[in-house]
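For reference, the structure is listed below as structure tokens.
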Amino acid sequence: MTGVLIFIVLALVAAAAAVAVTRTRVTLGLVASAPLAAMAIWTAFAAESDVLEGTPLTGSIGWLPTLGVSFDIHVDALSLVFLGLISTIGAAIAVYSAVYLTDLAKARRFLALLALFAAAMTGLVAVDNIYGLFVFWELTTITSYLLIGFEDRKGSARAAALQAVLTTGIGGLALLGGLVLLSQETATTSISQLVANPPTGTVGTVAIALILIGAFTKSAQVPFHSWLPGAMSAPTPASAYLHSATMVKAGIFLLFRLSPGFSTDPIWTPVVVTVGLITMVIGAWRALRQTDLKLLLAYSTVSQLGFITALTGTGSPAMLHAGLAVLVAHALFKSALFLTTGSIDAIAGTRDIRVLSGLGRRRPTLAAVGVLAAASMAGVPPLLGFVTKEAAFSALIDTGQWAALAVVAIASVATVAYSLRYLWGAFATKPPSPEADPKGFDAPVAPMGLVLPPLVLGVAGAVTGLFPGLVNRFVSAFQPGKLPLIPGWKPALAVSAVVVAAGVLVHWHRDRVGRTQDRVGSLTRRLPSGDRAYRGAVALLNRVADRTTGLVQSGSLPVYLSTILVATVSVPAVAWFSSGSSVDLHPLSVSVGEIALAALVITAAVAVTRAPSRMVAVLLLGAVGYAIAGIFVIYAAPDLALTLLLVETITVAIFAFVLTKVPRRFEQERSRFFGRFRAVLALGVGGFVTAASIIASRQRSGPSDSEIYAELAPTAGGSNVVNVILTDFRALDTLGEITVLAVAAIGITVLVRGLRSEPGEGT
Amino acid sequence: MTTVVSLLVAVPLVAVGLALVLPSLALRRAVSMAASLASLVLSVIVLVSVDGGDAISVAVGGWTAPIGIQLVADRFAGLMLAVSSTALFGVLAYAVGQRDTDDAFPAFHATYHALAAGVALAFLTGDLFTLFVAFEIMLTASYVLITHRSEAAQVRSTMTYVVVGLVASGLFLIGIGLAYAATGTVNLIEMADRLGDVDSGTRAGIGWLFFMVFGIKAAIFPLFFWLPDSYPTAVTPVTAIFAGLLTKVGVYAIVRTQTLLFPSDGPSTFILIIAGLTMVIGVLGAIAQGDIKRILSFHIISQIGYMIMGLGFFTVAGLAAAIVFIVHQVIVKTVMFLVGGLVETSSGTGRLRDVSGVLHRYPVIAVLFLPAALSLAGLPPFSGFVGKLALVQAGFSAGQWIVVGVSLFASILTLFSMTKIWAGAFWGSPTTNLTRRPGRAMVAATGGLVAVSLFIAFAGQPLLEVATRAAQDLLTGGAVTIGGS
Amino acid sequence: MSVVLAVTAGALVAAGTYLLLQRLLTRIVIGLGLIAHGANLVLLGSGGPPAAPPVIDGSGAPISDPLPQALVLTAIVITFGVTAFLLALAYRSYLLTSSDGVEDDVEDRRIAGFAGGGST
Amino acid sequence: MKVRPSLLVETGARTMVPTLLVVSAFLLVVGHDSPGGGFVGGLLAGGALLVVFLSGGRAAVTSMLPVPAGAILGAGIMTAVATAIGGLVFGRALLDAGKLEIDAGWFGSWSVGSALLFDVGVFLVVVGLVSTVLLQLGDPEEREE
């Protein structure tokens, strides 16, 4: 069974590649939607197995067992719910997109990304391994980045994609940190085992906090929500998929997964419930003010996500049951609404409430779809939105969460109001306004492909509302609970009635409400908001990057060298002398000749630094070399002395050749301060070398390796030991060395003669 | 097997000689490609052999160490050889495919193989002075390659590069002198043994001197400034192979000497601080840049921090993670620069201000860029993720929360600057300068290395296992003995 | 190592460092040459006190440690090659810019200019 | 520094150069047993080239070299590498020294080791480098573009 699922995921990946070469729109839609349709069928079959009785489908593909990373497949009721949504809504959207995107090249690219995204999402909900989950989590981040920035010629789309990827990316890293902590604390990487034996103590709490950051960023919870409205710059089918059924639901999925076990942690319930409720209210409040239908839906999504998040907070079965039911309803009506909005955009050329007028009469089918979906969102019976919201109210009432109930009810009033606002804004015939643009009225009839998919999704919301058992079969297998169409005369029904009535009232007085909102808005403008925080953080990051880089990357060679020398000498010096090595200056066997030559070397070296002209400096350098050759003689190194004499002679000659081209006198160095610093640094480096050499050579406890050389040299056929070392014992060094010389010769030729020449070539 | 190990050094040297005397470019290309391919095959053979059995030790010239020079191929060296010869082959194919690199510079192949010989010798040598010689071969070749076009920008940047390189060489030589003064040997294994008799201060002093000297080559904080000024000015194949290999040879030398000569029994706070600063300052530098190759150059530095961090834990897991990370970086960093080169080829510029919309004009470049960039940012399921996850786990096991947190922070900044390149150069309306379709051979060479990077991710588990065994060898020092084979 | 040799090496390195931290490539090359000399002396001195030249003449007299001598010889020749290259670089630089000064990196200065709020 | 070879210099050079070359060859050959060897020999031969250059300029150096400097470098590297892999070819280690005994009658018995051949490679590379330097950097004014 899971083998088939793996095959379907691979088929999605293959489809992503296949659509790139597909030539017609029809095959495009088919290729992209076929694997998703297959997955929907698979889900239906899986539901007939023991999954809903509590026996998950399992399987495994290993990847990095050393690190605990594998793709352990674990499909249970929760997975099935998500798989069902991913596949059915995905298939509908794939068909829709093939029609919606009129440019064939764009449609190809879009459907390829959509297929990859669906594959990632499928993996995300089907694995049991925390790292496996993380892999798919990040894949959804990447693919959603590409989808959000799909209209990449627009700067706003690029900026929105960046905001989304940064926000969810930071969340992803927090999640990774949390997961690693968790696996090290509990010695398991299996999610089901983690839920069975949740972590305890401070480390557990820290891990959970990090995981929650990951879930909240992904699910657009306050204060990380602001990327979601921005993500509306994606093509509408992408919004429909990402923000109804999939990407944002990934975080929610994680909450559902972990809540049964992790809600025992002291921070889980307060944090999740609070964040969820705040998000619900803020989203609803913002949704009421929007004039762009799509943005209205975006804030509505934020609000609904907050609602569902809050329901996962306590970990009680009833709440989780209701939460998952709400999630299903939301996926259906929100995708229908997004697709409807896309069709409106395609027909009328605008999504602006202030411009649209009279569309309902001209496009009754589309309007009907809109009404069906928006009514479900508002919680009007007998739609799935109503049934599930009733379940949520009941759960809140039964567990005595009165404060939460009050907040949810208030936000629900706003939900009803903005649902009406959506319908009124999209379809009502309004008095002519200055912004109104009549051109939209003559738009061509929308092809069936633009109406059918949302219609199917909208009808699905109605059918499942009438027969909630279809949904509850899955949901109650996750957590036990009932989902009746007719709840009976319970308090929850009264709450629903009040909420709907109040919502209608709010819409009725929309102008007054709007003015109040503007007043509050002007008061809260100064308050920190997620969006401003994001902008501020990016600006700060860029400023810090410029400052730091400007500081360290001065571009000046003397500064670089000073830093390098200070660091390279001071680090070992501190390590050396802090551990108390004593300098031992005992028996010194020094010859007079050595002292005299040393004095000569030092005098010449100091004189070089003071040389007024280049030629003098070079000659003094030669003098240093000759004097050192003398030291070599004292140190019984005739080969060295000979070599150095010849090298110095030729070097001075080369210098002389080059200097004929360069001004004779040295130009004045600029900074005096730097001159003094230079002297101090030079003395420091030199002092380190002297001290280190003396101390290191006092450390020798045994003879060197060379003792053997004297004995072996004759057997190697030579009596000049140094030469035997160079040509025999250590001939590899010499081989390397002549390679250096040959390469240097190549370099000289290139530098002097330019490229088109062989080394040494010349006439 | 000892013959195969010897050939790894000999083959590129033969190629240097042949490339200098062969009269026609076509012949040079053929010999060059053949030698590079041979090295690749040989290095894979060595890797398989050492991983299956003992380390291979070669007594060069028939003289056993410490009389002669010892070449040692253990798992770490084997991995580095295999991955570096892959990168060398890929870049050579790109350069030959590009045609103007070696067409304009007849000695390109000789110099390139000198570089390859230096790199191979650095990985294989068991002798401190031969390591110096190996560095000199590699660096001198790099000096020549970076001056390649000898225009004003190259000459200026080469000055910084060469002078810093020579200062490091001088300090390295002084370090060798100090080490020989204290121990009387330059054979690394012998030296490790004798350093036990040296007082702790001297040992620490020499140890940190080597750390810093190799740190200049590895471009750690605060020794990296030369790198972003010099690398981007070279031609693409040269920058790519520098980026992929040279700093990693520095890291290799650090890991080799620190684990063998100056082992630490616990996490080194100093190294971890350096690691953290290297990651953060490097990535901040990348964010400040507006040119693809400069952005990538700063990323080289930032990523070095991760490797040093793995070393700093001084645990098998940490070291194994560092090794995996190095292997991944060699390929990915090379690929990134090659892709940057493709963008430059197609548009004539790598400035994000001056090029956009590559995705729409030449989608193949975008397809090559994405997996490499995501890998660089450490996102799953690409190769960078394997190393990053291993590092994070090792860090948490070692209780080093702070530096791991810093590394995670740096990786989101890496993602940020990758999106900057993507959104800047690949997205947007195509600019009018996008007129030259990059050659097939260049695309194929780049694609081949992308495939290798994907393969590294796919084969992450066996790689981790080899790296773990390599790390055990390094930390217990058990694998190699003097003169043994 | 004899103190005299160590002091000489240190003095060479110090003088070299002093010259190195300047902008004229000629001075830098000379500085590098001095540092290389210093390093060679450290290496030579690491072999211990001098004795007879390491050429076996059958007398059986103790000889100087030959290994550092071989290493120094290698180092001298490598330095020679690289110095010649650097001089070619200086020459090229002079042809291109009429100066052998090492200028600051243009791109770095641009970014530093951003950070300082200045315009470039 | 414009080079103006005087008669004296030229005469000096004419006698000095052959001497230097002979000495350099001698140093190369005896290097294994007494001070000398490939480096010293090569550098001395380079010194001879320098003298030639000072007396006759680039043309004199070019005419004295049998082949281009690049070929000398290549030949040097090839010689050294060939002796290096010679060991491998004969089934021994890389750079393993071989030996050839030559009995040359009253010249005495010589043993020519591969080490000498290797040193010849070193000699050639050093000569190649010095001649490159002289040809490229010497008297740069001649080549103003």
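In the text below, chain A, chain B and the rest are named by the order of the sequence lines, each starting its count at 1. Just so we're clear, the structure is a prediction, and the values are computed from it rather than from any experiment.
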- Query: Backbone N or O of B:T183 within a donor-acceptor pair of the A:Q699 side chain at under 3.5 Å?
  - Reply: no

- Item | Most chain A-contacting option - heavy-atom pairs closer than 4.5 Å, from B:F270, B:W422, B:F132, B:F409 | B:W422

- In terms of heavy-atom proximity below 4.5 Å to chain A, should B:L463 be classed as side chain, backbone, both, or neither? neither

- Between A:V69, A:L146, A:L735, which has the largest tally of heavy atom pairs under 4.5 Å with chain B? A:L146

- Between A:V689, A:V685, A:I142, the one whose heavy-atom pairs under 4.5 Å with chain B are most numerous: A:I142

- Note on the structure: salt bridge (charged side-chain N to carboxylate O under 4.0 Å, His left out) filter on B:R294, not counting sequence neighbours, yields B:D229, C:D105, C:D108

- Item | Heavy-atom proximity to chain A below 4.5 Å, by part of B:T158 | neither

- Cut-off 4.5 Å, heavy atoms of chain A, and the answer for B:L139 is neither

- Message: Using only atom types and a distance under 3.5 Å, with no angle test, would you say the side chain of A:R700 pairs donor to acceptor with the backbone of B:Y180?
- Response: yes

- Counting heavy-atom pairs under 4.5 angstrom with chain B, the leader among A:Q184, A:R158, A:R109 is A:Q184

- Message: Working to the nearest 0.5 angstrom, can you tell me the gap between A:L173 CG and B:L415 CG?
- Response: 8.0 Å

- Task: Under 4.5 Å heavy-atom distance to chain A, tell me which part of B:L115 shows up: side chain, backbone, both or neither.
- Result: neither

- Pick from B:V16, B:L374, B:T468: which one has the most heavy-atom pairs with chain A under 4.5 Å? B:L374

- Task: Verify, without hydrogens or angle tests, whether A:W63 (side chain) and B:A457 (backbone) share a donor-acceptor contact under 3.5 angstrom.
- Result: yes

- Look up atom OG1 in A:T563 and atom CZ in B:F221, then write down how far apart they are to the nearest 0.5 Å. 9.0 Å

- Query: Non-hydrogen atoms of chain A under 4.5 Å away: do they reach the side chain of B:F224, the backbone, both or neither?
  - Reply: side chain

- Item | Interchain contact, B:V283 with chain A, by part (heavy-atom threshold 4.5 Å) | neither

- Task: Keeping the roles fixed (side chain from A:E737, backbone from B:V133), state whether a donor-acceptor pair exists under 3.5 Å.
- Result: no

- Task: Quick one: closest heavy-atom pair of B:W208 and A:P572, and the distance?
- Result: CB-CA, 3.8 Å

- Pairwise distance CH2(B:W63) to CD1(A:I708) - rounded to 0.5 angstrom: 11.0 Å

- Is it the backbone or the side chain of B:L121 that comes under 4.5 Å from a heavy atom of chain A, or both, or neither? side chain

- Message: Are the side chains of B:L284 and A:L541 in contact, using a 4.5 Å heavy-atom criterion?
- Response: yes

- Could you look at B:L171 and say if it's the side chain, the backbone, both or neither that has a heavy atom under 4.5 Å from chain A? side chain

- Message: In the structure I gave you, are the side-chain heavy atoms of B:F298 and A:T549 within less than 4.5 Å of one another anywhere?
- Response: yes

- Query: Can you tell which of B:I287, B:L178, B:L408 has the highest number of heavy-atom pairs within less than 4.5 Å of chain A?
  - Reply: B:L178

- Task: Pick whichever of A:A545, A:G747, A:G172 has the most heavy-atom pairs under 4.5 Å with chain B.
- Result: A:A545

- Item | Under the ring-ring contact (aromatic ring centres under 6.0 Å, His included) test, residues paired with A:Y709 that sit two or more places apart | A:F729

- Ranked by heavy-atom pairs below 4.5 Å to chain A, first place among B:V280, B:D197, B:T160 goes to B:T160

- Between B:P381 and A:V135 the two heavy atoms that sit nearest each other are CB-CG1, 4.0 Å

- Message: For A:A161, which atoms come within 4.5 Å of any heavy atom of chain B: side chain, backbone, both, or neither?
- Response: side chain

- Are A:Y145 and B:W427 close enough, and set up right, to give a ring pair (Phe, Tyr, Trp, His ring centres under 6.0 Å), and what steps lead you there? CA-CA 12 Å; A:Y145 168 71; B:W427 271 351; 5.0 Å; yes

- Side chain, backbone, both or neither: which part of B:K420 has a heavy atom under 4.5 Å from chain A? neither

- Query: Hey, which of B:G68, B:A204, B:G428, B:G285 has the most heavy atom pairs under 4.5 Å with chain A?
  - Reply: B:G428

- Item | Options B:V386, B:T125, B:L71, B:V404, ranked by heavy-atom pairs under 4.5 Å with chain A, top entry | B:V386

- Within the side chain of B:Q393, is there an N or O that forms a donor-acceptor pair under 3.5 Å with the backbone of A:L67? yes

- Message: Rounded to the nearest 0.5 Å, what separates atom OG1 in A:T568 from atom CZ in B:F211?
- Response: 11.0 Å

- What part of A:T66 gets closer than 4.5 Å to chain B, counting heavy atoms only: side chain, backbone, both or neither? both

- Part of B:I412 within contact of chain A (heavy atom distance under 4.5 Å): both

- Task: Among the options A:L712, A:V574, A:V544, pick out the one with the most heavy-atom pairs lying under 4.5 Å from chain B.
- Result: A:L712

- Turns out that what part of B:Y143 lies under 4.5 Å from chain A's heavy atoms comes down to neither

- Task: Select, from A:L561, A:L732, A:V165, A:T739, the one with the greatest count of heavy-atom pairs under 4.5 Å involving chain B.
- Result: A:L732

- Message: Once rounded to the nearest 0.5 Å, what's the spacing between atom CG of A:L741 and atom CD of B:E136?
- Response: 11.0 Å

- Task: Name the region of B:I281, side chain, backbone, both or neither, that has any atom closer than 4.5 Å to a heavy atom of chain A.
- Result: side chain

- Note on the structure: Under 4.5 Å to a heavy atom of chain A? For B:I174 that would be side chain

- Message: Please determine whether side-chain contact (heavy atoms from CB on, under 4.5 Å) holds for the pair B:H360 and A:D152, giving the CA-CA distance in whole Å, both sets of side-chain angles, and the decisive distance to 0.1 Å.
- Response: CA-CA 10 Å; B:H360 302 294; A:D152 61 271; 2.7 Å; yes

- Message: So for B:I216, is it side chain, backbone, both, or neither that comes closer than 4.5 Å to the heavy atoms of chain A?
- Response: side chain

- Item | Flag side-chain contact, heavy atom, 4.5 Å: A:W576 against B:I206 | yes

- Item | A:I564, part contacting chain B, at a heavy-atom distance under 4.5 Å | both

